[in-house]
Trainee: 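Next up is a structure, given as structure tokens.
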Amino acid sequence: MHRDDNHPADGPFVLNRRQILGWGTSGAALALMGGLTAPFARAQEGPVNTKARIVIAGAGAAGLSAAAQLSRRLNGATITLVDARKAHYYQPGFTLVAAGLKPKTYTVSSTAKYVPQGVEWIEEQVAEFDPEANMVVTQTGRKIPYDYLIVASGLALDYAAIEGMDVGRIGRDGLGSHYHGPDAASATWQALSTFADTGGVGLFLRPATEMKCAGAPLKYTFIADDVLRTRGTRGKAEIHYAAQNNALFSVPIVSEKVRMLFRDRDINAHYDHVMKAIDLGRKVATFKTPGGDQEIPYDFINVVPPMRAVPAVRDSALAWQEGPFAADGWIEVDKASLRHRRFPNIWAVGDTAGVPKGKTAASVKWQVPVAVEHLVATVADRPCTAAYNGYTSCPMITRLGRAMLVEFDYDNNLLPSFPGVVAPLEELWVTWVMKTIALKPTYVAMIRGQA
Amino acid sequence: MQKFDIFVLFAVFQEMMGPVLWVLLFVALAGLSAAGFVLWHEGGLSSSRLLTSELIGLAGGFGALALMAWVTVSGFTDAGGPVDWLLIGVIWGTGLAGTTILAYGVLGLIKVAGDALA
């Protein structure tokens, strides 16, 4: 199924990525990062007049992008962002920081820089969602009523679920965890660099939960392999990757490609291994496996913790009550419209949405316009056919200087932007170029509502 | 949005390059204007100046490649497929063409200014 199949020609979004070729190589190259031609919020008709109160819980990539688009689409609405985080992290850059290619400042900016004009920003964390009363409550007890709510509260890294884990020790004794933030990503590079000088056992893994950017643990494994080769210590090192199930990636054809690359790079894959504990002193990680717990010693480890919805979401009526997304509290939305299945004036976008896959910046780029379109159509009392088909993309770094542009949907279909030109499973420099220089500008343009 | 929009591309380039985008656009415009003016003023191409400009342009092509390698923290040995070589060719060609036009315009203006002062 092609992505366009989900977007009828008379609908609000008709996606035709090939048209970008008409803008020449620069445009084509920019599209490779996935989503440049995604639907975005430049209104086709004039703004809709309304006095609606719209609350956006979360001012990360999804929340800011939604705020920017709504502020352009609605005239007279009260739009309120609620988030205590003053710093904004460009999270796709963490891998590059942890590879020693970018300073940690590369990923850090301020939320205030992106809050659209006319949008109120309440610098508090949402502590409680009360969808029956149509209000959110902040940690200071402030009640914020709404007519429409967009939840973009991201996710929580559950390091506490790993017995013995201490995030304060990231960067020391071979402990890395580049997901934890800019400082941790930088410290992880220091730990990896030390390991690359000496060799030993490098241990990489991913959690059993849904996670943001599921390709990142694999990318970092490939990066470690390449750094060791560059330093001339690959022969003194073993690299192990512990997969949480019987695949290396959720898309079967990509999983097979990664398996072949692992074989080529002499990376040992362990399947059905879920990390449950770590002994930082002994440098041993314990994994739950079908055959019982198994300990794997390491000299360097990149810990990727379980990920769950933030507590305020998890503990609310918004979360899935049953099914695969219930345990970790992801929000119960229709996977096409991103509208809540029980509270029709609520949408969820970004990491917190309980949909298959889709916890990447590229997902945000495609999700937000759909949710915004539905919200605006609801305000204007008109039908809406916009649908998100699960499109996401992953520039899968396979060595420093090369990456594969993997694009797929809910159904594991590959959705290459340029079939026959940029093969999705080919390691290419052009994809690396996009990752290093074009992804961040597109991301910033997205959260400003310009792309 | 029904189709791809050039404003998206422009917004991304603006984020990517910041003020440098405007400098590059200005230099490109100035180079084209200078070359156009010289062509108009002299009523045709000067083959010797074009040759000199092309030699400078060759260096410009390699300069563009070096700049790309620097900003992407990679090298051209990382090229992995035909599209990579195509991109390398486009970068080199753009650098060559841009530098050649700029050099032709600048050298021509120097000549025009020299003639005027003589």
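Just so it is clear: chains get the letters A, B, ... in the order the sequence lines come, proteins before strands, and each one is counted from 1. Note that the coordinates shown come from a computational prediction; the quantities given were computed from them, not determined experimentally.
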Trainee: Quick one: what part of Glu426(A) sits under 4.5 Å from any heavy atom of chain B, side chain, backbone, both or neither?
Mentor: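 Only the side chain of Glu426(A) comes within 4.5 Å of chain B.
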
Trainee: What closest approach, in Å, do Arg399(A) and Thr77(B) show between heavy atoms, and which atom pair accounts for it?
Mentor: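 Arg399(A) and Thr77(B) have their closest heavy atoms at NH2-O, 4.0 Å.
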
Trainee: Could you pull out the closest heavy-atom pair between Gln450(A) and Ala11(B), with the gap in Å?
Mentor: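 Gln450(A) and Ala11(B) have their closest heavy atoms at CB-CB, 3.8 Å.
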
Trainee: Using every non-hydrogen atom in the two residues, find where Ala445(A) and Val12(B) come nearest and quote the distance to one decimal.
Mentor: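 It is CB-CG2, 4.2 Å.
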
Trainee: Of the backbone (N, CA, C, O) and the side chain (C-beta and beyond), which part of Leu428(A) lies under 4.5 Å from a heavy atom of chain B, both, or neither?
Mentor: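 Both backbone and side chain of Leu428(A) come within 4.5 Å of chain B.
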
Trainee: Where is the tightest heavy-atom contact between Trp429(A) and Leu87(B), given as atom of each residue plus distance?
Mentor: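 Shortest heavy-atom contact: CZ3-CD2, 3.7 Å.
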
Trainee: Heavy atoms only, distances under 4.5 angstrom: which of Gly75(B), Pro82(B), Ser74(B) has the most pairs with chain A? Name it, please.
Mentor: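 Highest number of pairs under 4.5 Å: Ser74(B).
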
Trainee: Tell me whether Asp84(B) is salt-bridged to Arg402(A), with the criterion being a basic N under 4.0 Å from an acidic carboxylate O.
Mentor: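 Here Asp84(B) does not pair with Arg402(A) in a salt bridge, since their nearest N and O are not under 4.0 Å apart.
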
Trainee: For each of Arg448(A), Glu427(A), Lys102(A), tally heavy-atom pairs with chain B at distances under 4.5 Å, and name the one with the top tally.
Mentor: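 Of the options given, most contacts go to Arg448(A).
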
Trainee: Measure across Val71(B) and Ile437(A) and return the closest heavy-atom pair with its distance rounded to 0.1 Å.
Mentor: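 That closest heavy-atom pairing would be O-CG2, 3.6 Å.
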
Trainee: Measure Met17(B) against the heavy atoms of chain A and call it side chain, backbone, both or neither at under 4.5 Å.
Mentor: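 Neither part; nothing is under 4.5 Å.
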
